[in-house]
There are 2 protein chains.
Amino acid sequence: MPTVSSEELAAAAGVNSAKLRKDFSYLGSYGTRGVGYDVEYLVYQISRELGLTQDWPVVIVGIGNLGAALANYGGFASRGFRVAALIDADPAMAGKPVAGMPVQHTDELEKIIEDNGVSIGVIATPAGAAQQVCERLVAAGVTSILNFAPTVLSVPDGVDVRKVDLSIELQILAFHEQRKAGEEAAADGVVPPVAAKPHRKGPDGDVPAVMPA
Amino acid sequence: MPTVSSEELAAAAGVNSAKLRKDFSYLGSYGTRGVGYDVEYLVYQISRELGLTQDWPVVIVGIGNLGAALANYGGFASRGFRVAALIDADPAMAGKPVAGMPVQHTDELEKIIEDNGVSIGVIATPAGAAQQVCERLVAAGVTSILNFAPTVLSVPDGVDVRKVDLSIELQILAFHEQRKAGEEAAADGVVPPVAAKPHRKGPDGDVPAVMPA
DNA sequence: CAATCTTTGTGCACGCGTTCACAAAGACAT
DNA sequence: ATGTCTTTGTGAACGCGTGCACAAAGATTG
């Protein structure tokens, strides 16, 4: 029986082995003392807990470049997601195949959601259309929304929204890039604009808490 | 002179006003006691610290659906990012206009990066090509990489990589969706599969620490 | 100019998550 | 069967970030 120890997994993942064992114990995944965790059982437990063993039908609304990219993205199927439908407001798109699936018109939205028991919707429309689409999704029974449109959606209680802003990640890179440049300049004896007057150091001594590492 | 107090900002952002003041004090942004912060100066300070006032030329490699979506994304320009070039390995794409800009062939990669002083690269290629593209970017002088390809990139020290996995956000939604369903079932007296044997509760009592809220 | 009022900047304490460290459990060898 | 060795599961301690609370600063008013 193939097994792994918490120590091996921790080293591979770069985390503390005790934390890993605590997290596993939360799942109720019993390991065997002196041996480790049964790999197969562990994979199953984690998959189940994360919802990977379930079938999650999702609809993608707004089949522009981003919507098409999402429809073609291979990572969904392997994680239990099934693209139930591609929906777009443009009548010219209707019937057009994207990722081997015909695009359907927004008029069909409610019917599609009810017929497929969809509870997760992806919004990849322009910002202007997002709120309206959101409301129709929610009214039709969707309770989780992944929003790629650059707008903050307002939803009733009980509905989860996650907003993905593609430029935020770039922002973070630029922030670090800037401080790389600043450090070099400092090493050269030039005062960098950013660190010109470090009035006070943050709690971690360098990076403000609001900025992800 | 228009001003804001930390209290107002904190209420608007839904955070603690003391934390907000601490973060501001890190920036060296002096407020005026009894008055608050000068809005204009504050905006400038934060923009500068975050790198929004700088010009960040970026290249996007891999102009498929996702690359095109990124090229068309409006949120970049307003945050100091300038798309210096779109690069693709397909010779048929070369010269084709995307987002009002001709796609250039991978052969030009090194020259483009050096000519434009690019230090940030975006990889939107298929998984198979990502590592190779990454190495060429790094060799040409790029020190920050935003990776959309579903692969873990290995890079030398001093190079930052941020990986964006579009399915992770869906995963998180599905996780919460699952526990919503579990709670309903529990309320109905049915034992949900997830919470069937909660051997041990996590530190926060419910959600394991590895799962974002 | 003195008194009062508002809001900042920050020391201090509390709480939470991570890590340490070890007893208990089970495998494996003798 | 007994002892040894490995690895789990978890209580306890440590450290860090968040929030409280207040003194200092400056504006504003009489």
Side-chain angles (χ1 to χ4, degrees), chain A residues 1-46 49 172 175-176 179 195-213, chain B residues 1-46 48-49 172 175 179 195-213:
Chain A
M1 183 178 83
T3 59
V4 264
S5 69
S6 61
E7 208 68 58
E8 292 173 286
L9 284 173
V15 297
N16 184 282
S17 67
K19 178 165 157 50
L20 203 144
R21 286 199 296 277
K22 270 216 174 96
D23 282 359
F24 281 2
S25 82
Y26 160 79
L27 299 174
S29 311
Y30 289 144
T32 308
R33 298 177 187 219
V35 177
Y37 297 88
D38 174 23
V39 173
E40 194 182 347
Y41 182 66
L42 188 61
V43 167
Y44 167 72
Q45 281 291 336
I46 294 175
E49 183 74 7
I172 295 169
F175 177 79
H176 284 98
R179 68 197 336 267
K197 280 195 210 167
H199 166 55
R200 182 179 193 274
K201 290 290 185 177
D204 31 307
D206 253 343
V207 181
V210 290
M211 184 61 61
Chain B
M1 183 179 82
T3 58
V4 264
S5 69
S6 61
E7 208 68 58
E8 292 174 288
L9 284 173
V15 297
N16 183 283
S17 67
K19 178 166 158 49
L20 203 145
R21 287 198 295 278
K22 270 211 175 104
D23 282 359
F24 281 3
S25 82
Y26 160 79
L27 299 174
S29 312
Y30 290 142
T32 308
R33 298 175 186 221
V35 176
Y37 297 88
D38 173 24
V39 172
E40 195 182 347
Y41 183 67
L42 189 61
V43 167
Y44 167 72
Q45 281 292 335
I46 295 176
R48 191 177 58 101
E49 183 74 7
I172 295 169
F175 178 79
R179 65 197 336 268
K197 280 196 211 166
H199 165 56
R200 180 178 194 275
K201 288 290 186 179
D204 29 309
D206 253 344
V207 182
V210 291
M211 183 60 61

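Proteins come first, then strands; the chains are lettered A, B, ... in the order of their sequence lines, and each starts at number 1.
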Students should find that the end-to-end axis angle of the helix from C/dC1-D/dG30 to C/dT30-D/dA1, with five pairs defining each axis and rounding to 10 degrees, is 0°
For the residue pair B/E40 and B/Y44, confirm or rule out a side-chain donor-acceptor distance under 3.5 Å. no
Whole-Å distance separating the CG atom of B/D23 from the P atom of C/dT8: 14 Å
Among residues 34-44 of chain A, which ones have heavy-atom contacts with DNA chain C below 4.0 Å? A/V35
Which residues satisfy the side chain to side chain contact (heavy atoms under 4.5 Å, CB included) test with B/S6, sequence neighbours excluded? B/S17, B/L20, B/R21, B/Y37
When rounded to the nearest 0.5 angstrom, what is the spacing between OH in A/Y30 and CD in A/Q45? 10.5 Å
So, is A/K19 near the phosphate of C/dT18, with a side-chain N or O under 4.0 Å from OP1 or OP2? yes
Distances under 3.5 Å between nitrogen or oxygen atoms of protein and nucleotides 21-24 of chain C:
residue	atom	partner	partner atom	Å
C/dA21	N6	A/R21	NH2	3.3
C/dA24	N3	A/R33	NH1	2.9

List the residues meeting side chain to side chain contact (heavy atoms under 4.5 Å, CB included) with B/E8, not counting sequence neighbours, and say none if there are none. B/V4, B/S5
How close or far is atom P of D/dC20 from atom CG of B/L20, stated in whole angstroms? 14 Å
When you measure from the side chain of A/K22, which nucleotide among D/dT10, C/dA27, C/dT10 comes out closest? D/dT10
Contacts to DNA chain D from residues 4-13 of chain A, heavy-atom cutoff under 4.0 Å, which residues? A/S5, A/S6
Can you check the A/N16 CG to C/dT18 C1' distance for me, whole Å? 7 Å
In terms of heavy-atom contacts, B/S29 and B/L42 come closest through CB-CD1, 4.2 Å
Quick one: NZ on B/K22 to OG on B/S25, what's the gap to the nearest 0.5 Å? 8.0 Å
What is the distance, to the nearest angstrom, from the CZ atom on A/F24 to the C1' atom on D/dT7? 14 Å
